[in-house]
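Since the structure is predicted, the reported quantities are computational estimates derived from the model, not experimental observations. Excluded from the calculations below are hydrogen atoms, water molecules and symmetry mates; all remaining heavy atoms, backbone and side chain alike, are included. The residues of the chain are indexed from 1 along the displayed sequence.
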Amino acid sequence: MATRPRDRRKQVLAAAARLFWQHGFHRVGMSDIAAEVGIGASALYRHFRGKEDLLAAVIDESLDWLEDAMAAAPADVDGTIAAVSEVVLARREFGVLWDREGSHLSPEQRRAVRRRLRAAVERVARPIADQGLMRARAVTAVLASVSYHRYEITAEQLRRIAEALVTVELPGVATEAATAGKDPQTRCRGGRPSWSPPRGCSPSAGSRP
């Protein structure tokens, strides 16, 4: 009598992630996932209540992997980006699944995912000295972009692209140190980001349309 593989759950999650990514949540049935793993649909329901439950588990597992990798990585910028580069390529489906299929999660599940993603961005920002949060958002956007294409790229290539965003000059962006303690109206007259006025400034303050 054949024994059940110990990693059956991991096999199911990997198959579900791949099929949801390639075909879309609505086009994939539980029977499709079961067939991919080589089990009956009834056996699949022993592990998961339905597709929504399975999608939530796929997303949670990807975030678990990301958080574990970041916790084990060196605390510096290079180590953090290298760790995330490896994870996003190993879990290439995550970005699309969250962006395109996240609406199928419950409101509580979506809030939990957003909290975990914010914490991940803040972890990337922590060792970046200049405009850390802004640069971390750019870095994580580049890293997550691999979910939206299927071009061949190595973790090393992805890491080098992301690391360039840490040191590139940001023209026209006033640093927090440069604007600290200044009157908001003074800040509006120079050095503010062109796409967003500082808090307390009107879009036209300090300049004419």
Side-chain angles (χ1 to χ4, degrees), residues 9-10 12-22 25 48 52-168 170 173 175-176 193 195-196 199:
R9 179 182 171 86
K10 288 185 177 181
V12 170
L13 291 176
R18 184 170 59 254
L19 293 176
F20 289 156
W21 182 47
Q22 292 174 347
F25 183 79
F48 304 97
E52 290 78 8
D53 188 35
L54 185 46
L55 175 64
V58 166
I59 289 175
D60 280 342
E61 189 201 37
S62 294
L63 287 171
D64 289 343
W65 195 340
L66 174 63
E67 289 165 353
D68 289 346
M70 294 178 83
D76 60 11
V77 176
D78 292 348
T80 300
I81 292 178
V84 179
S85 298
E86 296 281 353
V87 172
V88 296
L89 287 174
R91 283 291 186 267
R92 200 160 183 165
E93 308 92 351
F94 175 79
V96 165
L97 293 185
W98 167 239
D99 188 31
R100 187 182 67 197
E101 315 294 3
S103 61
H104 300 294
L105 302 179
S106 70
E108 287 127 6
Q109 288 170 330
R110 290 197 297 273
R111 282 193 292 270
V113 171
R114 290 189 188 103
R115 281 195 299 270
R116 296 175 76 177
L117 289 174
R118 280 196 297 270
V121 173
E122 289 166 2
R123 169 65 175 80
V124 174
R126 202 174 301 151
I128 301 176
D130 175 48
Q131 294 289 338
L133 194 55
M134 179 185 294
R135 291 181 187 274
R137 287 172 177 154
V139 165
T140 52
V142 166
L143 295 173
S145 70
V146 298
S147 189
Y148 298 85
H149 63 77
R150 301 190 188 181
Y151 295 113
E152 291 294 327
I153 185 169
T154 67
E156 174 65 15
Q157 290 170 327
L158 186 59
R159 178 189 66 76
R160 286 162 53 196
I161 294 169
E163 284 180 353
L165 297 172
V166 175
T167 56
V168 69
L170 301 177
V173 177
T175 64
E176 294 175 6
W195 61 86
S196 177
R199 188 174 297 174

Measuring from [X]:[atom1] to [Y]:[atom2], what's the distance to the nearest 0.5 Å?
X	Y	atom1	atom2	answer
R92	S62	CZ	OG	14.0 Å
L117	R114	CG	CZ	9.5 Å
F94	L66	CZ	CG	7.5 Å
I59	L105	CD1	CG	4.5 Å
L143	I81	CG	CD1	6.5 Å

Check: [Y] main-chain N/O paired with [X] side-chain donor or acceptor under 3.5 Å:
X	Y	answer
R135	L165	yes
E93	A17	no
R123	M70	yes
R100	W21	yes
R159	V84	no

pair [X]-[Y]: side-chain heavy atoms closer than 4.5 Å:
X	Y	result
F48	L13	yes
V77	V124	no
L89	E86	no

_Less than 4.0 angstrom from a charged side-chain N to a carboxylate O is my criterion; do E61 and R91 meet it?_
yes
*Do E163 and R160 meet the salt-bridge criterion of a basic N to acidic O distance under 4.0 Å?*
no
*Given the rule in the side-chain contact (heavy atoms from CB on, under 4.5 Å) test, do L97 and F25 qualify, once you have shown the distances and angles that lead to the verdict?*
CA-CA 8 Å; L97 293 185; F25 183 79; over 6 Å; no
Please report the shortest heavy-atom distance between [X] and [Y], naming the atom on each side.
X	Y	value
A73	G79	CB-O, 3.6 Å
G132	A125	O-CB, 3.5 Å
V142	I161	CG1-CG2, 3.8 Å
G95	S147	N-OG, 3.4 Å

*Apply side-chain contact (heavy atoms from CB on, under 4.5 Å) to the pair R150 and Q22, showing each step before the final yes or no.*
CA-CA 11 Å; R150 301 190 188 181; Q22 292 174 347; 3.8 Å; yes
_D60 vs Q109, test: side-chain contact (heavy atoms from CB on, under 4.5 Å). Steps then yes/no._
CA-CA 9 Å; D60 280 342; Q109 288 170 330; over 6 Å; no
*Would R110 and H104 count as having a side-chain donor-acceptor pair, cut-off 3.5 Å?*
no
